[in-house]
Amino acid sequence: MSFVRRVQSAIALGRANFVPFERPDRVPRAIAAALPWGIGTAGLLAAGSARYPTANALIDDEGPVTYADLWSAAKAMGNGLRAAGARGGTAVGVMCRNHRGLVIAAFATAIIGADLVLLNTGFAGPQLADVVSSESISMLIHDDEFAGIAEAAGITTIGEAEAARMARGSAEIRPPEREGRVVILTSGTTGRPKGAARRADAGAAEGAASLLGRIPLRARDVQIVCPPLFHAWGLSHLMLGLSRSATTIVSRSFDPAATIDAIDRHHGRVLVVVPVMLQRMLAVDQSDVDEPDTTSLEVIASSGSALGGHVATATLQRFGPVLYNTYGSTEIAVASVATPADLSTHPTTVGRTAPSVRVEILDETNAPVPAGTTGRIFVGNAGHFDGYTGGGTKETQRGLLSSGDVGHFDAAGLLFVDGRDDDMVISGGENLFPGEVEELLLGHPAIADAAVVGVPDADFGQVLAAFVVRRAGQRLGVEDVRSYVRSHLARFKVPKHVTFVTELPRTTTGKILRDELRRTNPRTR
């Protein structure tokens, strides 16, 4: 990291951790507590426990947990995992929904130097068995609802009751000789989910500064984190929250109305979501009840999939100028951030390049292209991963990592993502990106949700197929959809097939499963 970037990171981190009139002994005490554990995951919680021991670190469906109690439970569970056979380098899988058990287990693995593998709660038995094998997982901590498929994996399993007993044991534990890794699995919308591993190093500060330099996250925030904590977006905000002594509110399942109520009840300042969650919150009808007070909300941080201009505009209208749209992925980390000001004038932008990050748009010869020209997006920052745990990595050019997307910068330096590189459709010689048609359809007053994919066609090679979810009580026919697109876009962008569905298939983090749609034999109906 360059000297300038280090200074930028230090300023951003310092600003986020600044508390007016803080007792002068808190910060030195936190640093002293973290030193034996290093700058990684365990050190974060050790510092938070020393800095604000009686403050609530976490509030879940069971109630609050203080920083001191969370640190004590994690150390106790670390002893329990050691007694069960886990050691430095042991791969421990965690398959839990958002609650204290997952958080305690995550820190317990760090405390003993084990490798933490965060598992998707949407896995079926064969998928879990595949990942257990590919990531060499030898111990699995799981919620009781996953007991059946966990036991079928054929490794040591720890259910909720046993994990809770471990967390009540002795908290006297020595630091590990090695620092463990955190393995986050890619979303797996196509093919086997791959593990992307990271260790805590100097890049962690720069990665945090990429967000903190653009999003006004503050010390002692109350933040409601809705995405699964096994997902990079949810996990990063859990860790960022702990680093600034915030209170993080989580729930085992996402409920849009309950989330709005939680903002009111807890005076939430920060809300962390993926775009489909925002869609569901905007659809909540509050007309027959007292409207919850959401004026405490100063930040809505969205990432994980395309936000969509109509969702961005509706969110700004509903909650005010508080929406921040972050572009990144498990592999490249944070690339850019769009502020409320950016989104109010350009609702589909993913913003400007984040501090300490380099983004270039490259053509087919891997040369940079001028503003306004579409090309492949490549990203460079200290927070990106170093390769998949099973081997291999993303394409690298000019010292930058491929995002897998195509897009362009405008003349003002705003980045726009036009679509996935592998989602581009060639129809009758024309290059199409389905996202443009999806965005248009989502603006139709009778359409609640929509997805567009390319499907084979004997005459044109490929054509567009639209999958549409009608709003409740709305009447909408195939020709209505086609005519709407025809009146706004070029003729070759009109979907040949229109299929009405009750809902779109999505991952647990809200990404559309496009391969599943392609396999449904779409037709006009």
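Please read these numbers as outputs of a predicted model, since none were measured by experiment.
Remark: the backbone N or O of Tyr327 is not paired with any side-chain donor or acceptor of Ser303 at under 3.5 angstrom. Under a 3.5 Å cut-off, the side chain of Ser133 and the backbone N or O of Asp130 do not form any donor-acceptor pair. Looking at Asp143, its side chain never comes within 3.5 Å of a backbone N or O of Glu145 through a donor-acceptor pair. A distance-only check finds no donor-acceptor pair linking the side chain of Arg358 to the backbone of Gly380 [under 3.5 Å]. Arg87 places a side-chain N or O within donor-acceptor distance of the main-chain N or O of Arg82, the cut-off being under 3.5 Å. Remark: the backbone N or O of Gly63 is paired with a side-chain donor or acceptor of Asp60 at under 3.5 angstrom. With hydrogens and angles ignored, the 3.5 Å screen pairs a side-chain donor or acceptor of Asp144 with a backbone N or O of Glu160. When atom types are taken as modelled, the side chain of Arg514 and the backbone of Val452 share a donor-acceptor pair closer than 3.5 angstrom. Listed for the Ser72 side chain is no donor-acceptor partner under 3.5 Å among the backbone atoms of Asp69. When atom types are taken as modelled, the side chain of Thr353 and the backbone of Val357 share no donor-acceptor pair closer than 3.5 angstrom.
Between Thr349 and Leu415, the shortest heavy-atom contact is OG1-O, 2.8 Å. In this structure, Val92 and Ala114 approach most closely via the heavy-atom pair CG2-CB, 4.0 Å. Listed here is the closest heavy atom pair of Leu242 and Phe107: CD1-CZ, 3.0 Å. Of all non-hydrogen atoms in Phe319 and Leu297, the two that sit nearest each other are CD2-CD2, 4.1 Å. Heavy atoms only, all atoms of each residue included: Leu343 and Ala312 are closest at CD2-CB, 4.5 Å. Closest approach of Val274 and Gly304 over heavy atoms only: CG1-CA, 4.4 Å.
A distance of 11.5 Å separates CZ in Arg244 from CG in Leu44, rounded to the nearest 0.5 Å. Of the inter-residue distances, the one linking Asp221 atom CG with His237 atom NE2 reads 11.0 Å to the nearest 0.5 angstrom. In this structure, the separation between CZ on Arg376 and CG on Asp421 is 6.5 Å, given to the nearest 0.5 Å. The CD1 atom of Ile215 sits 11.5 Å away from the CD1 atom of Ile300 when rounded to the nearest 0.5 Å. Taking CG of Leu401 as the reference point, atom CD1 of Ile377 lies at 12.5 Å (rounded to 0.5 Å).
In this model, a donor atom of one side chain and an acceptor atom of the other lie less than 3.5 Å apart for Thr374 and Asp418. Side-chain N/O atoms of His99 and Asp61 include no donor and acceptor closer than 3.5 Å.
You'll find the side chain of Leu45 stays beyond 4.5 Å of the side chain of Thr41, heavy atoms only. Contact annotation: the side chain of Val270 never approaches that of Val222 to less than 4.5 Å [non-hydrogen atoms, C-beta and beyond]. By the 4.5 Å heavy-atom criterion applied to side chains, Phe433 and Val406 are counted as neighbours. Counting heavy atoms from C-beta on, the side chains of Tyr324 and Arg214 never come closer than 4.5 Å. For the pair Phe467/Val453, a side-chain contact is recorded, criterion being any heavy-atom separation below 4.5 Å from C-beta on. Val94 has its side chain within reach of Leu116: a pair of non-hydrogen atoms, C-beta onward, lies under 4.5 Å apart. Using a 4.5 Å heavy-atom threshold, the side chains of Asn79 and Met166 count as separate.
Using cut-offs of 30° and 60° on the angle between ring planes, the pair Trp37 and Trp71 is perpendicular.
Geometrically, Arg220 engages Tyr52 in a cation-pi contact defined by less than 6.0 Å to the ring centre and at most 45° from the axis.
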* **Evaluation steps, side chain to side chain donor-acceptor pair (under 3.5 Å), between Asn120 and His231** => CA-CA 8 Å; Asn120 193 319; His231 184 255; over 6 Å; no
* Can you list the steps and then say if Thr157 with Glu151 is a side chain to side chain donor-acceptor pair (under 3.5 Å)? -> CA-CA 7 Å; Thr157 60; Glu151 290 169 2; 5.0 Å; no
